[in-house]
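Positions are given from 1, in the same order as the sequence printed here. The analysis underlying the following values was restricted to heavy atoms, covering all of them including side chains, and did not include hydrogens, waters or symmetry mates.
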Amino acid sequence: LKKFKDAVKCCTDAIAIDPPNRKARLRRAAALEGLGMYTQAAADMVLLLTEDNNVKEAKDCVLRCLRESPTLRVDVVKEISEIVAQLHGNDKNRFSAAHVMCEGVFVGLLQQ
């Protein structure tokens, strides 16, 4: 458990320095999933999949998280809208943008 927490912290620090850091985002999601933090793990992977929808590890992680949490889709939209708010201010349209982005990823995954 402590190693997962340490991994989350190290990867979060790396992402703060280099936000597009794919490896750090993948590793953080794996650690979050290991901690049972499925919403946060899936949110990281949804963000990664919006940039590149061919990352098998990310797809697999989101599908596993979906099996573990029945409210995951709604929770991920909320999580990503908070991330968008941190990056771009508290814009009224942030929830809509997060919803569209997330649903595009989820629909693509579930159609496979």
Side-chain angles (χ1 to χ4, degrees):
L1 201 63
K2 182 170 175 13
K3 291 192 185 247
F4 285 138
K5 289 180 181 177
D6 291 343
V8 169
K9 181 176 179 347
C10 287
C11 292
T12 299
D13 292 346
I15 292 166
I17 294 167
D18 180 21
N21 187 327
R22 176 185 284 190
K23 187 183 284 188
R25 205 165 285 285
L26 284 165
R27 288 181 178 167
R28 182 171 75 175
L32 288 165
E33 185 181 3
L35 291 168
M37 299 175 74
Y38 303 114
T39 299
Q40 294 86 347
D44 266 351
M45 296 300 87
V46 167
L47 288 171
L48 198 148
L49 288 166
T50 60
E51 296 171 11
D52 180 357
N53 68 353
N54 293 314
V55 182
K56 183 175 177 3
E57 296 157 294
K59 290 178 180 181
D60 292 345
C61 178
V62 173
L63 291 172
R64 285 191 306 272
C65 291
L66 275 167
R67 285 192 294 274
E68 295 295 330
S69 175
T71 62
L72 186 80
R73 286 172 84 160
V74 172
D75 297 339
V76 168
V77 170
K78 290 177 187 172
E79 181 80 13
I80 290 180
S81 68
E82 291 302 317
I83 293 168
V84 170
Q86 291 171 3
L87 295 173
H88 303 291
N90 208 359
D91 182 332
K92 288 184 245 178
N93 296 321
R94 71 184 164 88
F95 187 80
S96 294
H99 182 77
V100 169
M101 179 173 51
C102 292
E103 281 304 306
V105 171
F106 285 122
V107 168
L109 282 171
L110 295 173
Q111 287 179 344
Q112 293 181 356

ask   = Between the side chain of T12 and the main-chain N/O of V8, is any donor-acceptor distance below 3.5 Å?
value = yes
query = How would you list, by chain and number, every residue that makes a side-chain hydrogen bond (donor to acceptor under 3.5 Å, both in side chains) with D52, sequence neighbours excluded?
reply = R22
note = By side chain to side chain contact (heavy atoms under 4.5 Å, CB included), N53 pairs with (sequence neighbours left out) none
ask   = For the side chain to side chain contact (heavy atoms under 4.5 Å, CB included) test, which of T50, D75, L47 pairs with I80?
value = L47
request  = Can you run down the salt bridge (charged side-chain N to carboxylate O under 4.0 Å, His left out) pairs that involve residues 34-45, sequence neighbours left out, and say none if there aren't any?
outcome  = R25-D44, R28-D44
key: Atom of S69, atom of Y38 and distance for their closest heavy-atom approach   = CB-CB, 4.5 Å
inquiry  = My understanding is that only one of V105, L49, L48 makes a side chain to side chain contact (heavy atoms under 4.5 Å, CB included) with K59; could you say which?
reply    = L49
note = With V62 as partner, the option from M45, E57, R67 fulfilling side chain to side chain contact (heavy atoms under 4.5 Å, CB included) is M45
message = I need the full list of salt bridge (charged side-chain N to carboxylate O under 4.0 Å, His left out) pairs touching residues 96-112, with sequence neighbours left out, sorted by first then second residue.
response = R73-E103
task = Could you list the residues that satisfy side-chain hydrogen bond (donor to acceptor under 3.5 Å, both in side chains) with K56, not counting sequence neighbours?
result = D60
inquiry  = Enumerate the salt bridge (charged side-chain N to carboxylate O under 4.0 Å, His left out) contacts for residues 32-41, please, sequence neighbours excluded, ordered by first and then second residue.
reply    = E33-R64
ask   = Could you give the distance from CG (L72) to CZ (F106), rounded to the nearest 0.5 Å?
value = 5.0 Å
inquiry  = If the condition is side chain to side chain contact (heavy atoms under 4.5 Å, CB included), which residues does A24 pass it with, not counting sequence neighbours?
reply    = C11, A14, I15, N21
task = Report the residues that fulfil salt bridge (charged side-chain N to carboxylate O under 4.0 Å, His left out) with D13, sequence neighbours left out, ordered by chain and then residue number.
result = K9
ask   = Mind checking whether D18 and P20 have side chains closer than 4.5 Å, heavy atoms only?
value = yes
task = To the nearest 0.5 angstrom, please state how far the SG atom of C10 sits from the NZ atom of K3.
result = 11.5 Å
